[in-house]
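Okay, so here's the structure we're looking at.
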Number of protein chains: 2
Amino acid sequence: MPKKKSHKEGLRDLSAIFKEHRLKITRQRLEIFKVLASMEDHPSAEDVYAAVKTKIPTISFDTVYRSLALFERHGVLGRVQSLDDRTRYDPNTSPHYHLVCKTCKTIRDFSWPDLDELTAPDDIKEWGAIEKKYLEFRGICRECLAREKGP
Amino acid sequence: MPKKKSHKEGLRDLSAIFKEHRLKITRQRLEIFKVLASMEDHPSAEDVYAAVKTKIPTISFDTVYRSLALFERHGVLGRVQSLDDRTRYDPNTSPHYHLVCKTCKTIRDFSWPDLDELTAPDDIKEWGAIEKKYLEFRGICRECLAREKGP
DNA sequence: GTAAGTGCAAATGATTTGCACAGCG
DNA sequence: CGCTGTGCAAATCATTTGCACTTAC
């Protein structure tokens with residue numbers, strides 16, 4: 001059985017993570033985080049809402065938004081800007097890059113050690129203090145390419 | 001030989017560019033494009049609107065939006081997603097990367113030949129067809145750093 | 001002349017916020 | 001118990017759209 005990504009481990013110690021960041025533990029927050037971590041792709045707030053609603057039917061959309069914003073503020077989640085203008089959330093907090101399909105809007109992670117090691121140009125240093133590097137490739141994924149060729 | 005279009009050059013032959021793409025030449029479009037090309041930073045639709053309004057006081061916001069979208073569709077302009085959720089436009093169509101200040105939200109261009117030449121990991125090829133590479137560094141620019149230290 | 005561009009105002013759609021009640025610590 | 005989190009509905013804010021008039025070609 002192929003093992004899931006490492007952020008699944010975080011799932012086990014979910015309340016530990018919450019405590020560490022001094023976040024109140026609520027059923028909604030736990031479910032939202034669980035759903036996020038279990039989704040392979042990078043879900044939008046709407047996707048998360050839909051998934052959590054099956055567990056907590058009374059949950060509201062804005063609790064989802066508030067929780068996601070909270071998680072992001074505490075560095076428990078990342079945020080990805082997608083092509084369709086909905087924000088996507090990323091439970092994978094280790095450094096990685098993205099492959100974005102402009103047809104189906106899916107976002108896949110990939111790693112690129114050569115880029116990790118590449119030293120940035122000198123003139124960047126005088127710009128200011130760099131904190132994070134974002135890279136994405138945009139194109140069309142295999143599935144969408146196939147779909148375009150044969151109807 | 002295919003001519004390289006720096007945006008300054010484009011500015012000179014503005015109506016030529018429009019004709020080439022079979023876009024009707026209107027006063028609004030000309031002004032919008034001129035304003036874009038003259039702005040050092042990457043302006044938002046609002047910035048463009050404000051600047052063009054000094055030249056054509058009767059121009060409407062949606063003409064600006066429509067023109068920017070048109071230009072983008074024809075590859076005359078690029079689009080940058082900014083940290084404050086307003087779209088920024090980029091008259092520089094040659095390949096380059098961005099430095100984004102998370103405090104003042106400015107976006108500066110830079111080039112990185114080593115990255116241009118770096119070959120992407122093999123497993124990306126099986127994902128699909130890559131069309132474009134986006135990279136940005138986020139951090140705090142020199143000016144904002146100084147402002148934070150001593151007010 | 002005619003199809004496309006413009007200005008206006010009203011619509012959209014993702015995200016946010018004020019408020020009263022509910023639940024965590 | 002106090003204070004934060006939640007749910008609801010209404011508010012925001014950038015961007016888009018329908019329509020009647022104007023303009024480029």
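FYI, side chains are in, hydrogens and waters are out, and symmetry mates aren't considered; it's all heavy atoms of this structure. Within every chain, numbering begins at 1; the chains are lettered A, B, ... in the order of the sequence lines, protein sequences first and strands thereafter.
In this structure, B:Arg66 places its CZ atom 14 Å from P of C:dA9, rounding to the nearest Å. Protein atom CZ of B:Phe18 is 18 Å distant from nucleotide atom P of D:dT23, rounded to whole Å. A:Lys24 has its NZ atom 9 Å from the P atom of D:dT6, to the nearest Å. Computed from coordinates, the A:Leu70 CG to C:dT15 P distance equals 17 Å when rounded to whole Å. Between the NE2 atom of A:His21 and the C1' atom of C:dC24 there is a distance of 19 Å, rounded to whole Å. The distance between atom CZ of B:Phe61 and atom P of C:dG7, rounded to the nearest whole Å, is 13 Å. One can place CZ of B:Arg73 at 13 Å from C1' of C:dG5, the figure rounded to the nearest angstrom.
A cation-pi arrangement is present between A:Arg138 and B:Tyr134, with the terminal nitrogen or guanidinium carbon under 6.0 Å from the aromatic centre and inside a 45° cone about the axis.
Looking at A:Tyr49 and A:Asp62, their side chains never bring a donor and an acceptor atom within 3.5 Å of each other.
Side-chain to base pairing of B:Asp85 with D:dC13: no donor and acceptor N or O lie closer than 3.5 Å to each other. Taking only distance into account, the side chain of B:Arg27 never meets the base of C:dG7 through a donor-acceptor pair shorter than 3.5 Å.
Between B:His98 and B:His96, the two ring planes are perpendicular [angle over 60°; tilted spans 30° to 60°].
The neighbour count for A:Lys105 NZ, taken as heavy atoms of other residues, nucleotides or ligands under 6.0 Å away, is above 12.
If one axis is set at each end of the helix from C:dG1-D:dC25 to C:dG25-D:dC1 from five pairs, those axes are 40° apart, to 10°.
The A:Ala45 side chain lies nearest to C:dT15 when the options are C:dT15, D:dT15, D:dC25.
A close approach under 4.0 Å does not occur between any side-chain nitrogen or oxygen of A:Thr63 and OP1 or OP2 of D:dG5. Remark: A:Tyr65 is in phosphate contact with C:dT15, judged by side-chain N or O atoms under 4.0 Å from OP1 or OP2. Distances shorter than 4.0 Å separate some side-chain N or O of A:Arg29 from OP1 or OP2 on D:dG5. OP1 or OP2 of C:dG5 has not a single side-chain nitrogen or oxygen of B:Ser67 nearer than 4.0 Å. Phosphate proximity of C:dG23 to A:Gln28: absent, as no side-chain N or O sits under 4.0 Å from OP1 or OP2.
Between B:Glu46 and the options B:Arg86, B:Lys53, B:Arg88, a salt bridge (charged side-chain N to carboxylate O under 4.0 Å, His left out) holds for only B:Arg86.
Note that CG of A:Leu70 is 8.0 Å distant from CZ of A:Phe18, once rounded to the nearest 0.5 Å.
Comparing B:Leu23 and B:Asp62 by the nucleotide of DNA chain C whose heavy atom lies nearest to each, the residue mapping closer to the 5' end is B:Leu23.
Following chains of ILVMFWY side-chain contacts shorter than 4.5 Å, one cannot reach B:Phe110 starting from B:Val100, and the two form parts of different hydrophobic clusters. Cluster annotation: B:Trp127 is connected to A:Tyr97 through the hydrophobic network of ILVMFWY side chains, with a link wherever side-chain heavy atoms come within less than 4.5 Å.
Contacts of residues 46-59 of chain B with DNA chain C (heavy atom under 4.0 Å): B:Thr58, B:Ile59.
Across all strands, B:Thr87 comes closer than 4.0 Å only to sugar-phosphate atoms, never to a base (heavy-atom distances).
For the pair B:Leu36 and B:Leu68, the tightest heavy-atom approach, listed with the atom from each and the gap, is CD2-CD2, 3.4 Å. Minimum heavy-atom separation, A:Ile56 to A:Gln28: CD1-CA, 3.8 Å.
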